[in-house]
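Following: one structure in structure tokens, then a few remarks.
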There are 2 protein chains.
Amino acid sequence: MDAPTKPDTRGEILKTTLQLLGRRSYHSFSYNDISQILGIKKSSIHYHFPSKEILAVESVKKYYEKIEYLLNKLDNFTTDPWVKLDEFFNFFKILLERNEVCVGGILTAEVSTLPNSVTVETIKVFNRVFDYLANLLKISRDNGIMGFSGDPRSRAVMIMSSIEGALLLSRMFNNIQLFTDAIQIIIRDLCI
Amino acid sequence: MDAPTKPDTRGEILKTTLQLLGRRSYHSFSYNDISQILGIKKSSIHYHFPSKEILAVESVKKYYEKIEYLLNKLDNFTTDPWVKLDEFFNFFKILLERNEVCVGGILTAEVSTLPNSVTVETIKVFNRVFDYLANLLKISRDNGIMGFSGDPRSRAVMIMSSIEGALLLSRMFNNIQLFTDAIQIIIRDLCI
DNA sequence: TTTATTCTATCTACTAGTAGGTAGGTAATT
DNA sequence: AATTACCTACCTACTAGTAGATAGAATAAA
């Protein structure tokens, strides 16, 4: 058994920031929120992240890692594209159950007032997901497992558009069924 | 010919607010922005709208009217549901061309930090649109013009989810094609 | 091994700027 | 005279951020 690890303040700050981004928005949380949640002073946060921009950039990078971990886990877990999609959608459903939505969706909605460096990282997340989904869709259609028409990448983008939109609406209407219904339609439209 | 109409400061404030909401977000514009754009002082805005919450509520109500006007115009213009949908989607495409997105989508993304009264008005807008689309879809399928499967209202919600998501992503990627591709898929998936 | 120095990570105290908002004043209109 | 619609001047609260201090840990030197 290892000795007690030293507290990871930096990591806790990032984790808290991601939660705040998933529940609120970039402009709706402040260093003061984090300091109260973690019981440290604002200047301690500034020590680890000298500006809010840097904090957000690092947070989005961490989010990218979480997405990367999810996608790798899907590929290690199964080769069945339907199961992969199911688990992929489930990742977002679990966010909803915690009253969060996708950090990417939040930042996308605020993009016109975001520091550019944050936008750049956000775009990377989406492109990673688009690539993954487009590849999955293409292979599945080539194998005759799926029957959708049109360009796989456009379909991938449209799936993520639907997911982001459905997450936001589902949260506003306080109705998870709204999200799961949308997922059913997305899946059904892939079958034809 | 009428005499010069008196300046409609209240209306100009509302119009400017809607533009700011469509380009930024609730938390990313301030009375100061409006005062600079219109060349009036903040307190003059406060005179017409004593609080930001009231300003937002009135703005969303005005947006509801714009949507209502759009939907009525569609119904007066044609009975062809494909043309109606095309024109409906075009309304949002024109927003993109002005570097705006749907006010409803913006507010939905910020809902966790909005005054409740603003949320209530936003929900009304969406329900209006869901009702309209669900009705259009149901009639069109009953008439054999459309071939989608599943509940028309769920399909309507999913269409709006896709539109909101695609608007946000299209704006972020600075690529209108992203939006128009999504629209193509939405329409195509209604044909089966 | 002990001591000195450097590094890390937190703190207190403070800043400039901006947000939403208020109170009182004034000119024009009714 | 009352109302409307604008103004100046100001307020509190909060934001992101800064400077300096300090304690503990790690490293280097004797």
Side-chain angles (χ1 to χ4, degrees), chain A residues 2-21 23-60 106-107 110 112-119 121, chain B residues 2-21 23-60 106-107 110 112-119 121:
Chain A
D2 285 338
T5 56
K6 68 166 181 171
D8 176 28
T9 305
R10 188 177 190 277
E12 288 295 306
I13 296 172
L14 286 175
K15 185 175 166 189
T16 302
T17 302
L18 279 179
Q19 281 181 352
L20 288 167
L21 284 174
R23 291 194 178 134
R24 304 196 201 168
S25 57
Y26 178 80
H27 291 293
S28 297
F29 87 90
S30 69
Y31 271 36
N32 197 43
D33 293 312
I34 301 172
S35 88
Q36 289 192 345
I37 291 169
L38 295 183
I40 57 177
K41 304 298 181 182
K42 288 196 310 178
S43 51
S44 305
I45 304 171
H46 279 292
Y47 171 78
H48 290 281
F49 303 97
S51 70
K52 190 172 184 180
E53 176 177 344
I54 290 169
L55 173 62
V57 165
E58 293 300 320
S59 298
V60 179
I106 291 285
L107 295 176
E110 284 185 287
S112 60
T113 52
L114 283 185
N116 190 56
S117 57
V118 184
T119 302
E121 292 303 321
Chain B
D2 287 336
T5 56
K6 68 167 181 171
D8 174 27
T9 306
R10 189 177 187 278
E12 288 295 308
I13 296 171
L14 286 175
K15 183 176 168 189
T16 303
T17 303
L18 280 177
Q19 280 180 354
L20 289 168
L21 283 174
R23 289 193 182 137
R24 304 196 203 166
S25 57
Y26 179 79
H27 292 294
S28 297
F29 86 92
S30 69
Y31 273 33
N32 198 43
D33 293 313
I34 300 171
S35 88
Q36 290 191 347
I37 291 169
L38 296 181
I40 58 178
K41 304 300 180 181
K42 288 197 307 180
S43 51
S44 306
I45 305 171
H46 279 292
Y47 171 78
H48 292 277
F49 303 97
S51 71
K52 191 171 183 180
E53 175 179 346
I54 291 170
L55 173 63
V57 165
E58 293 302 318
S59 298
V60 178
I106 291 283
L107 295 175
E110 284 185 286
S112 61
T113 52
L114 284 185
N116 189 57
S117 58
V118 183
T119 303
E121 293 303 321

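Keep in mind that what you see is a predicted model, and the values were worked out from it rather than measured.
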- Message: I need the OH-C1' distance between B:Y31 and C:dT18, as an integer number of Å.
- Response: 15 Å
- A:I40 CD1 to C:dT12 C1', straight-line distance once rounded to whole Å: 15 Å
- Query: Mapping A:S30 and A:S43 onto DNA chain D by nearest heavy atom, which one lands closer to the 5' end?
  - Reply: A:S30
- Value in whole Å for how far the P atom of D:dA16 lies from CD1 of A:I34: 9 Å
- Task: Starting from C1' on D:dT4, measure out to CG on B:D8 and report it in whole angstrom.
- Result: 14 Å
- Would you call A:E110 and B:R24 a salt bridge, taking side-chain N to carboxylate O under 4.0 Å as the test? no
- Query: With respect to the side chain of B:S44, which nucleotide from D:dC6, D:dA16, C:dA9 is positioned closest?
  - Reply: D:dC6
- Message: Between A:N32 and B:G39, which residue's closest nucleotide on DNA chain D lies nearer the 5′ terminus?
- Response: B:G39
- Query: A:T9 has a side chain; which of C:dT10, C:dG21, D:dC6 sits nearest to it?
  - Reply: C:dT10
- Task: Please report, rounded to the nearest Å, how far the P atom of C:dT18 is from the CZ atom of B:R24.
- Result: 13 Å
- Tell me, do A:L14 and A:F49 make a side-chain contact under 4.5 Å, heavy atoms counted? yes
- Message: Between B:H27 and B:T113, is there a side-chain donor-acceptor contact under 3.5 Å, judged purely by atom types and distance?
- Response: yes
- Message: Within the 4.0 Å heavy-atom criterion, would you say A:F29 contacts the bases, only the backbone, or no part of the nucleic acid?
- Response: sugar-phosphate
- Item | D:dT8 OP1/OP2 closer than 4.0 Å to side-chain N/O of B:K41 | yes
- Query: Any side-chain donor paired with an acceptor under 3.5 Å for A:S117 and A:E53?
  - Reply: yes
- Message: When you measure from the side-chain N and O atoms of B:H46 to the phosphate of D:dC7, is any distance below 4.0 Å, counting only OP1 and OP2?
- Response: no
- Closer than 4.0 Å, any side-chain N/O of B:Y47 to the OP1 or OP2 of D:dA5? yes
- Query: Are any of B:S51's side-chain N or O atoms less than 4.0 Å away from OP1 or OP2 of C:dG20?
  - Reply: no
- Message: Using only atom types and a distance under 3.5 Å, with no angle test, would you say the side chain of B:S43 pairs donor to acceptor with the backbone of B:H46?
- Response: no
- Is any N or O donor-acceptor pair between the side chain of A:K42 and the base of D:dA16 shorter than 3.5 Å? yes
- Query: Can you check the A:D33 CG to D:dT15 P distance for me, whole Å?
  - Reply: 6 Å
- Item | Side chain of B:H48 (C-beta onward), nearest among D:dA5, D:dG17, C:dG20 | D:dA5
- Item | Nearest-Å distance for atom pair OH/P, residues B:Y26 and C:dA19 | 14 Å
- Query: Which whole-number value in Å describes the distance from B:H27 NE2 to D:dC14 C1'?
  - Reply: 14 Å
